[in-house]
Amino acid sequence: MERMDLGVWEQVSSQMATLEVEAIGDPERKECVQTLLEDVEICVRLTDKEFSRAAILEKLGFKAADALHVAAAETAVADVLLSCDDRLCRLAKRYRRQLLVPVVNPLVWLQELEHDSNT
């Protein structure tokens, strides 16, 4: 988060993330998660392009919401899509050649960054 505050990294989100946050039933958890979206610099609107790409990804086995997240990240030309969903990360790794963005667990990604900066 500090690197985003410093402008080193840019946070990208999408309408899909906003919809998922709005659907959170626990008000305390919802408020906590909403704070993560407050500083979003780019929010990808879901258009026919993203829905078409998501439909292709669903045929590979991605859940509908996950497919939209990936499609939006591809539209944003994101360097990485961070997700704590192990199933999504495994599936994305399996189909990495068909995706335009890597999908990685945040802890794994930070460990890889740390390792790369030490080599």
Side-chain angles (χ1 to χ4, degrees):
M1 299 305 258
E2 180 181 325
R3 291 182 188 181
M4 286 185 286
D5 291 341
L6 294 171
V8 177
W9 294 340
E10 183 176 55
Q11 184 179 1
V12 176
S13 189
S14 73
Q15 281 182 309
M16 189 63 220
T18 303
L19 291 170
E20 285 185 331
V21 171
E22 289 173 2
I24 295 173
D26 178 353
E28 190 173 303
R29 182 168 182 251
K30 182 177 182 175
E31 183 179 335
C32 181
V33 175
Q34 280 178 323
T35 62
L36 296 173
L37 298 179
E38 288 175 357
D39 296 327
V40 168
E41 297 175 42
I42 297 171
C43 186
V44 176
R45 295 185 53 79
L46 299 178
T47 66
D48 289 342
K49 175 185 172 187
E50 288 75 31
F51 285 103
S52 294
R53 176 63 174 149
I56 292 167
L57 296 173
E58 284 181 65
K59 289 178 183 175
L60 295 175
F62 289 87
K63 293 179 183 177
D66 294 340
L68 284 168
H69 283 300
V70 173
E74 290 180 344
T75 294
V77 192
D79 293 325
V80 64
L81 170 59
L82 299 177
S83 175
C84 294
D85 183 333
D86 292 335
R87 181 186 182 280
L88 171 58
C89 292
R90 281 192 308 273
L91 195 58
K93 187 174 183 178
R94 182 180 317 147
Y95 291 108
R96 66 185 168 274
R97 289 186 178 93
Q98 285 98 328
L99 303 182
L100 302 176
V101 61
V103 181
V104 184
N105 178 288
L107 293 176
V108 171
W109 183 69
L110 288 170
Q111 288 171 343
E112 288 173 0
L113 283 179
E114 180 68 25
H115 178 266
D116 290 347
S117 68
N118 289 331
T119 56

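Just so it is clear, the model here is predicted, and its values are computed rather than measured. Just so you know, residue 1 is the first one in the sequence shown, and it goes up from there.
With sequence neighbours left out, the side chain to side chain contact (heavy atoms under 4.5 Å, CB included) criterion links Ala64 to Glu58. Every side chain to side chain contact (heavy atoms under 4.5 Å, CB included) that Asp85 has, sequence neighbours left out, goes to Asp66, Ser83, Arg87, Leu88. Contacts of Gln11 classified as side-chain hydrogen bond (donor to acceptor under 3.5 Å, both in side chains), with partners at least two apart in sequence or in another chain: none. For Val8, the side chain to side chain contact (heavy atoms under 4.5 Å, CB included) test picks out Arg3, Leu6, with sequence neighbours left out. Shown here are the side chain to side chain contact (heavy atoms under 4.5 Å, CB included) partners of Glu41, two or more places apart in sequence or in another chain: Glu10.
For the side chain to side chain donor-acceptor pair (under 3.5 Å) condition, the pairs that include at least one residue of residues 43-57, sequence neighbours left out, are Thr47-Glu50, Glu50-Thr75, Arg53-Glu74. Applying the ring pair (Phe, Tyr, Trp, His ring centres under 6.0 Å) test to every pair with at least one member in residues 33-75, sequence neighbours left out, gives no pairs at all.
Residue Val12 shares its hydrophobic cluster (ILVMFWY side chains chained together at separations under 4.5 Å) with Ile42, Val44. Side-chain contacts under 4.5 Å among hydrophobic residues (ILVMFWY), followed directly or transitively, place Val77 with no other residue at all.
Hydrophobic clustering of Ile, Leu, Val, Met, Phe, Trp and Tyr side chains at less than 4.5 Å, counting indirect connections, unites Leu81 with Leu57. Residue Trp9 is grouped with residue Leu82 when hydrophobic side chains (ILVMFWY) are merged at heavy-atom distances under 4.5 angstrom, including chains of intermediate members.
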Compile the donor-acceptor pairs under 3.5 Å between side chains in residues 89-113 and protein atoms, sequence neighbours left out, one pair per line.
unit_1, atom_1, unit_2, atom_2, d
Arg96, NH1, Lys93, O, 2.6
Asn105, OD1, Leu107, N, 2.8

Sequence neighbours left out, cut at 3.5 Å: what donor-acceptor pairs do the side chains of residues 25-38 make with other protein atoms?
unit_1, atom_1, unit_2, atom_2, d
Asp26, OD1, Glu28, N, 3.0
Lys30, NZ, Glu22, O, 3.2
Thr35, OG1, Cys32, O, 2.5

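Pairing each heavy atom of Ala54 with each of Ala67, the nearest pair is O-CB, 3.5 Å. The shortest non-hydrogen separation linking Leu46 to Gln15 is N-OE1, 2.6 Å.
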